[in-house]
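Here is the structure we will look at, set down as structure tokens.
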Amino acid sequence: MSTSPYIRPGAEHLLEDLNSAQRAAVTHDARALLVVAGAGTGKTRALTRRVAWLITQGLPPHAVLAITFTNKAADELKRRLVTLPGGGGVWAGTFHGFGSFLLRRHGDAVGIDPRFTILDRDDQLSVLKAIYKDLDIEKGVLRPVDALAMISHRKNGGGGRPPIDLTMPGVAFIFDQLHDAYVERLRGADLLDFDDLLLDSVRLLEECDDVAALYRERFAHVLVDEYQDTNLVQRDLLRHLVGPHQRITVVGDPDQSIYRWRGAVVRNILDFGEDFEGAEQVLLERNYRSTGHILGAAEAVIERNRERHAKRLYTEREDGQRVLLTRCRDAEDEGRAVAAQVETWVRQGRRHDQIAVFYRINALSRGIELALNDRRIPYVIVAGTEFFQRREVKDVLSYARLIANPRDEAAFTRIVNVPRRGVGATSIQRLRDFALARELALTDAAPRAEEAGVSKRARGGLQRLLELFAKVRAMPRAPVAPILEALLEGSGYRATLEDSADDLDRSRLENVDELVAYAREFDAKEASGDLQSFLERAALVSDQDGYVGESGRVSLMSVHAAKGLEFPCVLIAGAEMGYFPHARSLGEDAGEEEERRLFYVAMTRAQDELAVSHAVRRQTYMGEEHRAPSPYILDIPEDRLERRDLATWSGASSLFDQPSATGYAPPPDDDVSVVRETGLGLEVGERVLHPYFGPGRLEEVGGGGADARVTVDFDVHGRKQLLLRHARLERLS
DNA sequence: GGAAAGACATTTTTT
DNA sequence: ATGTCTTTCC
């Protein structure tokens with residue numbers, strides 16, 4: 001391992017409080033460096049320090065490109081660098097932000113109007129739905145959401161499972177039509193979706209040598225955080241950006257790759273050495289975050305994955321409390337158990353904001369919220385419906401988008417009749433048909449509404465809307481807040497909310513005001529910020545960017561939202577088959593491995609205390625289901641667990657008042673004729689016993705070796721597919 | 001064209 | 001159980 005030969009004066013303090021592996025990561029002079037940083041090993045710290053280090057070694061800050069997963073991470077990085085001389089010049093942002101940056105400047109070289117608008121998922125769906133109507137396509141054969149998923153899948157360069165089955169009769173034909181129309185529609189209206197931001201950036205660098213040369217010249221060192229969650233297009237972007245004389249550093253942890261469904265490929269980080277010549281790596285394995293029991297339990301879970309990078313985390317912390325595993329009768333019980341546990345921790349001196357509850361799917365928050373409300377425990381939901389996704393906020397932004405880009409069809413459709421101005425579905429469709437036939441943008445068709453056969457009433461509404469746009473377009477593009485105000489007043493949007501008797505509209509009005517306040521703040525802070533950069537900011541902020549610690553409340557969030565965070569006390573709810581792993585991932589190895597990583601990510605957020613709960617029965621929209629505990633729990637060594645059972649019949653609810661209830665018998669150990677690793681000794685038709693599902697009949701054995709999977713028809717729980725490796729089946733003779 | 005009532009499907013995670 | 005889409009009626 002080679003490190004820099006000498007240290008410039010003044011840089012030593014950057015290394016003082018680092019361990020030797022971290023130092024190596026910070027000072028390494030490899031052309032391409034992969035830092036594999038396990039959970040809680042000081043990854044962000046190493047990355048920030050490395051940037052600082054490079055700068056103190058003489059690299060000009062503006063020659064540094066730092067790509068992070070969220071805007072929050074980028075802001076954090078910038079904040080820390082500001083203290084360095086010239087540190088403010090670093091370009092830090094997300095992949096999508098960088099793509100947007102490139103295309104705004106050079107998009108015209110590849111036929112993209114630099115005034116393009118960024119479409120989020122909602123907008124994409126509305127464009128697609130309009131296409132269904134225009135092309136007279138039934139939604140029955142292929143749902144818009146699935147078509148969209150497939151479009152995105154294709155844009156991301158395939159990889160993994162296609163979201164829809166194109167071999168189904170008629171599907172491929174319809175999909176092709178939708179796909180082509182979608183692409184064409186976006187291009188025609190200067191709209192880019194998230195995927196386009198990356199894809200077109202790659203195209204730009206590929207096709208325009210001078211642009212590529214310009215940025216290869218400018219960025220001498222590229223750093224990427226959370227590399228395990230990059231997709232193929234992002235990797236290509238980096239490869240085009242990083243020429244032979246540049247350096248690249250990527251940081252990540254393959255065990256925390258949890259965005260496969262969005263196109264991320266773990267192989268990116270595993271294959272880093274092949275993608276970037278002369279790559280070297282540094283392993284960060286010392287965990288500073290968790291107690292021995294928590295880390296040991298998490299490691300035991302993740303070890304079972306096959307596709308991983310060899311590493312073994314260790315901690316020098318005490319073992320601490322065992323992982324508390326609570327078996328609950330149903331969701332209601334689980335909610336109460338969670339609330340009781342929060343109270344216990346608070347009694348022991350924890351603050352509410354030191355506690356977090358994680359779940360696999362957002363829908364699970366409901367039951368927990370109810371229970372916390374019952375006990376008057378303050379909480380905050382992280383993510384959920386995010387501010388910029390709210391209907392009213394999107395409405396106002398759509399107005400603003402039409403000022404910036406008059407051809408923004410998605411925005412036009414959204415607000416043309418909000419508030420009501422007599423332009424209903426029929427009028428919109430007439431207008432659209434008219435525009436389509438003449439290859440016009442919707443807004444260009446609007447003045448010719450009469451030709452399009454739009455009714456007189458609707459024409460009046462359109463007229464008023466167009467006048468508003470003309471008026472506001474005459475305003476300067478900065479500051480932003482007055483533009484929003486003018487739109488709110490001129491459209492009657494605010495007045496409609498103010499006059500409404502609906503409670504919901506009340507809070508909508510507040511959100512609208514909050515948006516204006518946000519714009520004011522933007523105006524004050526961003527000296528060069530105009531409407532376009534404001535809209536860009538609004539389009540590219542993520543849920544995770546909104547998280548604030550120190551709220552004095554318990555945090556509730558999905559495991560995905562928890563990525564990158566840490567809490568002294570963590571509860572994981574719903575640790576059951578169906579959630580961990582999620583039902584939809586079953587039957588696909590890569591998917592199941594990701595589910596395990598997800599559980600691992602959840603566990604490793606915890607610093608001091610970790611509690612896991614599962615319910616044996618759960619109410620779904622189809623009725624009541626029996627739930628087996630998550631197989632991942634079975635992988636936690638018994639001596640790191642403390643079990644509690646609230647599902648036995650005798651006085652379960654009284655147990656809430658005595659948290660130290662006695663445990664139930666652990667599942668039988670693998671002694672008697674337990675079959676693992678291979679299917680040897682088990683035959684189809686045989687009766688078998690599963691520790692949680694109970695007795696059943698073996699119906700099918702598929703695959704071989706460690707990947708063998710079996711189908712068992714359980715007497716009580718019905719037919720299940722299991723990975724033999726994890727199933728712990730016993731023969732019942 | 002619009003509001004209200006009813007049908008309907010819907011649940012993974014989101015830059 | 002909820003929110004979204006469709007139908008129905010004014």
Side-chain angles (χ1 to χ4, degrees), chain A residues 67-74 93-100 118-122 124-125 129 132-133 139-140 143-145 148-149 152 155-156 163 192-198 226 229-231 233-234 257-264 331 358-367 370 382-386 388-389 391 417 419-430 454-458 460-461 504 536 539-546 557-563 574 578-586 591 594-595 597-599 601-602 618-623 625:
Chain A
I67 298 181
T68 55
F69 196 68
T70 62
N71 293 293
K72 187 179 154 205
T94 63
F95 267 107
H96 294 90
F98 180 66
S100 183
I118 300 167
L119 251 47
D120 70 12
R121 205 189 119 88
D122 259 20
Q124 290 179 277
L125 263 183
K129 282 179 184 167
Y132 272 78
K133 278 201 182 127
K139 289 181 184 145
R143 285 148 64 221
V145 282
L148 196 59
S152 178
K155 285 189 183 186
N156 282 321
L192 300 188
D193 63 24
F194 288 133
D195 300 325
D196 293 330
L197 290 176
L198 305 173
E226 309 278 15
D229 284 320
T230 53
N231 64 29
V233 183
Q234 288 165 332
S257 171
I258 55 174
Y259 284 94
R260 197 178 85 96
W261 49 273
R262 211 169 69 189
F358 303 150
Y359 30 78
R360 176 66 232 271
I361 62 169
N362 284 121
L364 237 54
S365 75
R366 227 164 253 291
L370 287 175
V382 179
T385 321
E386 214 263 333
F388 285 97
Q389 313 263 54
R391 191 216 296 182
N417 203 30
R420 307 247 122 86
R421 45 175 75 87
V423 189
T426 318
S427 303
I428 297 173
Q429 197 56 50
R430 282 194 188 138
V454 174
S455 72
K456 193 169 171 206
R457 171 152 57 140
L504 227 64
E536 176 152 329
L540 294 179
V541 288
S542 76
D543 279 4
Q544 298 188 23
D545 296 330
M557 67 189 89
S558 71
V559 180
H560 283 87
K563 174 179 168 174
Y579 292 142
F580 290 105
H582 191 275
R584 277 182 64 156
S585 72
L586 287 177
E594 175 144 316
E595 296 296 309
R597 291 195 292 267
L598 212 39
F599 197 70
V601 167
R618 203 174 282 272
Q619 200 72 33
T620 69
Y621 66 95
M622 336 184 48
E625 277 181 9

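Considering only side-chain N and O atoms, Asn231(A) lies nowhere under 4.0 angstrom from the phosphate OP1 or OP2 of dT15(B). Contact annotation: Arg420(A) side-chain N/O to dA3(B) OP1/OP2 distance is under 4.0 Å. The side chain of Thr70(A) places no N or O atom within less than 4.0 Å of a non-bridging phosphate oxygen (OP1 or OP2) of dT15(B). Between Lys129(A) and dC5(C) there is a side-chain N or O to OP1 or OP2 distance below 4.0 Å. The phosphate of dT11(B) has neither OP1 nor OP2 within less than 4.0 Å of any side-chain N or O from Asn362(A). A sub-4.0 Å separation between OP1 or OP2 of dT15(B) and a side-chain N or O of Thr94(A) is absent.
Arg262(A) has its CZ atom 9 Å from the C1' atom of dT13(B), to the nearest Å. Distance CG (Leu119(A)) to C1' (dT14(B)): 15 Å, rounded to an integer number of Å. Between the CG atom of Leu192(A) and the P atom of dT15(B) there is a distance of 18 Å, rounded to whole Å. In this structure, the CD1 atom of Ile118(A) is 16 Å from the C1' atom of dT14(B), given to the nearest Å. Across the protein-nucleic acid pair, Phe388(A) atom CZ and dT15(B) atom C1' stand 15 Å apart, rounded to whole Å. When rounded to the nearest whole Å, the span between CG of Leu370(A) and C1' of dA1(C) equals 12 Å. In this structure, Lys563(A) atom NZ and dT13(B) atom P are separated by 16 Å, rounded to whole Å. Across the protein-nucleic acid pair, His582(A) atom NE2 and dT10(B) atom C1' stand 12 Å apart, rounded to whole Å.
The six-membered or imidazole ring of His582(A) lies away from that of Trp261(A), with a centre-to-centre distance of 6.0 Å or more.
Contact annotation for Asp122(A): no contact, since no heavy-atom pair falls under 4.0 Å across all strands. Arg143(A) comes within 4.0 angstrom of the backbone, heavy atoms only, and of no base.
Atom CZ of residue Arg121(A) and atom OG of residue Ser152(A) lie 9.5 Å apart, to the nearest 0.5 angstrom.
When the options Arg260(A), Arg262(A), Lys563(A) are evaluated for a salt bridge (charged side-chain N to carboxylate O under 4.0 Å, His left out) with Asp229(A), the one that passes is Lys563(A).
Comparing Ser585(A) and His96(A) by the nucleotide of DNA chain B whose heavy atom lies nearest to each, the residue mapping closer to the 5' end is Ser585(A). If Leu598(A) and Gly422(A) are placed on DNA chain B by their nearest nucleotide, the residue sitting closer to the 5' end is Gly422(A).
Considering only residues two or more places apart in sequence or on other chains, Asp195(A) meets the salt bridge (Lys or Arg N to Asp or Glu O under 4.0 Å) condition with none of them.
Ring geometry for His560(A) against Tyr259(A) counts as perpendicular: the plane angle is over 60°, on a 0 to 90° scale with 30° as the lower cut.
The stacking criteria are not both satisfied for Tyr259(A) over the base of dT14(B), which would need a centre-to-centre distance under 5.5 angstrom and an angle between ring planes under 30 degrees.
Residues Phe95(A) and Asn231(A) fail the side-chain proximity criterion, which asks for heavy atoms closer than 4.5 Å.
Of the listed nucleotides (dG2(B), dT15(B), dG1(B)), dG2(B) has the atom at the smallest distance from the side chain of Asn417(A). Taking every side-chain heavy atom of Arg457(A) into account, dG1(B) is the closest of dT14(B), dT15(B), dG1(B). Listed nucleotides dT15(B), dG1(B), dT13(B) differ in distance to Ser455(A); the shortest reach to its side chain belongs to dG1(B).
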